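We use all heavy atoms of the structure for the numbers below, so side chains are in, but hydrogens, waters and symmetry mates are not. Protein chains get the first letters and strands the later ones, always in sequence-line order, with residue 1 at the start of each. Everything numeric in this text was worked out from a predicted model, so none of it was measured.
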Amino acid sequence: MEVDLDATLGCGQAHRWKKDGDLWKGVLGNDKVELLQRDGGFLCEGCSEERIKRYFRSEDDLPAIMEEISGKDAYVAGLAAACPGLRILRQDLWECTATYILATNANVKRIAKMVESVCVMFGTDLGGAYSFPTPRQILDGCGSIGECRLGYREGRFVEFAEKVENGTYDLASLEELDYEGCVKELKKINGIGPKVADCTAIFAYGHLEAFPVDARISRSMKEVYGVEGSYEDVSSAGRRIFGRYAGYAQELLYHSLSIIL
DNA sequence: CATCAACCTGATCA
DNA sequence: ATGATCAGGTTGA
């Protein structure tokens with residue numbers, strides 16, 4: 001399976017991977033995982049091959065996807081040629097949704113800090129690393145959540161944990177919905193608007209046509225494609241230009257911006 | 001339906 | 001050093 005670990009794990013779609021020398025270290029479920037880039041692939045320690053293949057969406061035919069979006073637009077074709085191994089991840093439903101509630105109105109660095117602090121505060125100690133907490137773990141210890149410095153995301157985060165824990169909100173039931181249905185249901189959660197819904201739709205539910213528009217994508221859509229307007233205007237323009245794999249085009253655009261910055 | 005202030009923290013600028 | 005300014009999505013008026 002073709003994958004560029006630096007691009008895939010460092011581009012901001014997931015927030016718990018850290019590069020230590022040549023080694024990418026992270027946590028999947030209750031497993032501490034280490035990944036090392038090798039020619040034409042990577043080495044994985046700490047979890048099963050099935051698990052990591054699922055996480056990397058190994059069923060996505062990356063060359064075919066890159067070719068398809070490259071055929072739609074010359075600018076993205078250049079980005080794809082420069083970064084052919086950027087994959088979209090399949091993240092855990094609960095962890096991804098909860099994380100992106102925290103990601104609201106925060107930059108990548110601050111998101112990572114908030115996520116790490118809730119893991120340390122509430123997650124299971126795996127020895128030098130902590131799991132992302134379950135809803136139960138958060139509710140059991142939420143007296144000390146103020147120390148995580150989540151700001152106004154704190155109430156939304158706890159409220160979401162409550163609704164998932166008591167069954168008011170069933171994340172798994174969204175898996176059978178199409179992209180639009182999935183986004184519609186996600187937006188019912190307090191703290192999830194159109195951008196976070198798109199992120200969750202693509203990074204957890206695998207709707208590759210989602211085209212999340214954050215501040216940086218918004219700027220580059222204006223500069224490169226002359227597209228501006230409401231969230232829906234810009235996001236649907238992304239889908240119109242790039243088609244069913246618009247999310248991959250979005251990641252290429254986003255990744256190219258993070259290299260510049 | 002569109003606009004816009006308020007929300008919280010951390011980084012960066014004077 | 002200290003205060004002003006800015007970056008970043010969602011909500012509700």
Response to the item:
When rounded to whole Å, the CE to C1' distance for the pair A:M114 and B:dA11 reads 14 Å
Worksheet item: For A:E59, does the CD atom have more than 12 heavy-atom neighbours from other residues, nucleotides or ligands under 6.0 Å away?
Response: yes
Practice prompt. Over all heavy atoms of both residues, which pair between A:L186 and A:A197 is shortest? Give the atoms and the distance, please.
Written response: CD1-O, 3.6 Å
Fill in: Whole angstrom value for the distance that separates P of C:dA7 from CG of A:L257
15 Å
Item to complete: Quickly work out the A:E232 CD to B:dA2 P distance and round it to whole Å.
Response: 11 Å
Worksheet, complete the sentence: Any strand, both distances under 3.5 Å, Watson-Crick or G-U wobble: B:dA2 pairs with none
Worksheet item: Among A:V120, A:T124, A:V118, which one satisfies side-chain contact (heavy atoms from CB on, under 4.5 Å) with A:F122?
Response: A:V118
Worksheet item: To the nearest Å, how far apart are A:L150 CG and B:dT9 P?
Response: 9 Å
Worksheet item: Do other residues, nucleotides or ligands put more than 12 heavy atoms under 6.0 Å from A:N166 CG?
Response: yes
Worksheet entry | Within 6.0 angstrom of A:R136 CZ, more than 12 heavy atoms from elsewhere | yes
Discussion item. Can you confirm if the NZ or CZ of A:R216 lies within 45° of the ring axis of A:Y254 and under 6.0 Å from the centre of its six-membered ring?
Written reply: yes
Worksheet entry | Spacing of A:Y231 atom OH relative to C:dT11 atom P, expressed in whole Å | 13 Å
Practice prompt. Can you tell me the distance, in whole Å, between the CD1 atom of A:I192 and the C1' atom of C:dG12?
Written response: 18 Å
Item to complete: Round to a whole Å and report the spacing from NZ of A:K187 to P of C:dG9.
Response: 15 Å
Practice prompt. Mind calculating the distance between CZ (A:R153) and C1' (C:dT11) to the nearest angstrom?
Written response: 13 Å
Worksheet entry | Below 4.0 Å: OP1/OP2 of B:dG10 and any side-chain N or O of A:K113 | yes
Practice prompt. Using a cut-off of strictly less than 4.0 Å between a heavy atom of the residue and any atom of DNA chain C, enumerate the qualifying residues of residues 98-110 of chain A by number.
Written response: A:T104, A:N105, A:A106, A:R110
